[in-house]
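Step one of this worksheet: look at the structure below.
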Amino acid sequence: YNGDVKAAVMLKNLDYTDLDGMGKIELEAIYGAGALDIVKGFGDRQFRPAGVVTKEQAIAIAYRAAGREAEAQIAGEALNNARVQQDKKTDTMSIWHDGYLQLAANEGLITRQDLADALSQDTSTFTATSFRRDAPAQRQEMAAWLAKTLKLQPVYGQQKIFNRYN
């Protein structure tokens, strides 16, 4: 058998304490996505299965599924290094999420205005249409972001069979 040099860290990251009562199918999905570094917990041995997925988390999941986590981390660290000292972030996850959002803006998943809103320290002027990075992601947003990051092409022959939404 070949092992992964990150196995010990991966197993520690998957050692969630809040998954009691979950079914086998759910557990396999959580651990499988976690082992692939697509979905992560919160660093406190919590997965928070009843929580919502925020917009920034959904974008991060899409980029991790595309194998681009390192690229996002570099982008986030570059953004943070460019900030003046009093505006620098110290929370690693927040810095990295900035990187995911930067990639999303660069590639048209979100607009430049959405990125500006997401990076803004002052949310007092936000309107109903402002991009709130910590707002719950909608299913159609997650589907679009995932399809774009994975560069999925539609299969038009299946449109009439499967996509009959009312």
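Residue indices begin at 1 and follow the sequence shown.
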List the steps and the verdict of side chain to side chain contact (heavy atoms under 4.5 Å, CB included) for F126 and R132.
CA-CA 9 Å; F126 276 19; R132 297 176 186 272; 3.3 Å; yes
Hey, any chance M22 and L14 share a hydrophobic cluster, counting ILVMFWY side chains that come within less than 4.5 Å of each other, even indirectly?
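Both belong to a single hydrophobic cluster.
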Is there a chain of hydrophobic side chains (I, L, V, M, F, W, Y, each step under 4.5 Å between heavy atoms) that links I61 to L150?
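Yes, one cluster joins them.
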So, [X] side chain and [Y] main chain: donor-acceptor pair closer than 3.5 Å or not?
{"X": "T54", "Y": "P136", "answer": "no"}
{"X": "T149", "Y": "A62", "answer": "yes"}
{"X": "D18", "Y": "F47", "answer": "yes"}
{"X": "K88", "Y": "N80", "answer": "yes"}
{"X": "W145", "Y": "A58", "answer": "no"}
{"X": "D117", "Y": "S130", "answer": "no"}

Between [Y] and [X], is there a side-chain donor-acceptor contact under 3.5 Å, judged purely by atom types and distance?
{"X": "D114", "Y": "T111", "value": "yes"}
{"X": "S120", "Y": "D122", "value": "no"}
{"X": "E77", "Y": "N81", "value": "no"}

What distance do [X] atom [atom1] and [Y] atom [atom2] have between them, rounded to the nearest 0.5 Å?
{"X": "D44", "Y": "Y16", "atom1": "CG", "atom2": "OH", "answer": "10.0 Å"}
{"X": "E56", "Y": "M93", "atom1": "CD", "atom2": "CE", "answer": "8.0 Å"}
{"X": "Q102", "Y": "E71", "atom1": "CD", "atom2": "CD", "answer": "11.0 Å"}
{"X": "L146", "Y": "I59", "atom1": "CG", "atom2": "CD1", "answer": "11.5 Å"}
{"X": "L109", "Y": "E141", "atom1": "CG", "atom2": "CD", "answer": "10.5 Å"}
{"X": "K89", "Y": "R83", "atom1": "NZ", "atom2": "CZ", "answer": "5.0 Å"}

Ignoring hydrogens, what is the shortest heavy-atom contact between [X] and [Y]? Give both atom names and the distance.
{"X": "R133", "Y": "S94", "result": "NH2-O, 3.7 Å"}
{"X": "R64", "Y": "Y100", "result": "NE-OH, 3.3 Å"}
{"X": "L79", "Y": "D98", "result": "CD1-O, 3.6 Å"}

All N/O donor-acceptor pairs, side-chain side in residues 23-43, below 3.5 Å, sequence neighbours left out:
from: E26; atom 1: OE1; to: G23; atom 2: N; distance (Å): 3.2
from: D37; atom 1: OD2; to: K6; atom 2: NZ; distance (Å): 3.3
from: K40; atom 1: NZ; to: E69; atom 2: OE2; distance (Å): 3.2

For R112, does the CZ atom sit with more than 12 other heavy atoms under 6.0 Å from it, leaving out its own atoms?
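Enclosed.
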Intermediate values then yes/no, side chain to side chain contact (heavy atoms under 4.5 Å, CB included), Q46 and T17:
CA-CA 6 Å; Q46 300 290 301; T17 60; 2.7 Å; yes
Could you check whether E107 pairs with K148 (Lys NZ or Arg NE/NH1/NH2 to Asp/Glu carboxylate O, under 4.0 Å)?
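Not counted as a salt bridge, because no side-chain N and carboxylate O are separated by less than 4.0 Å.
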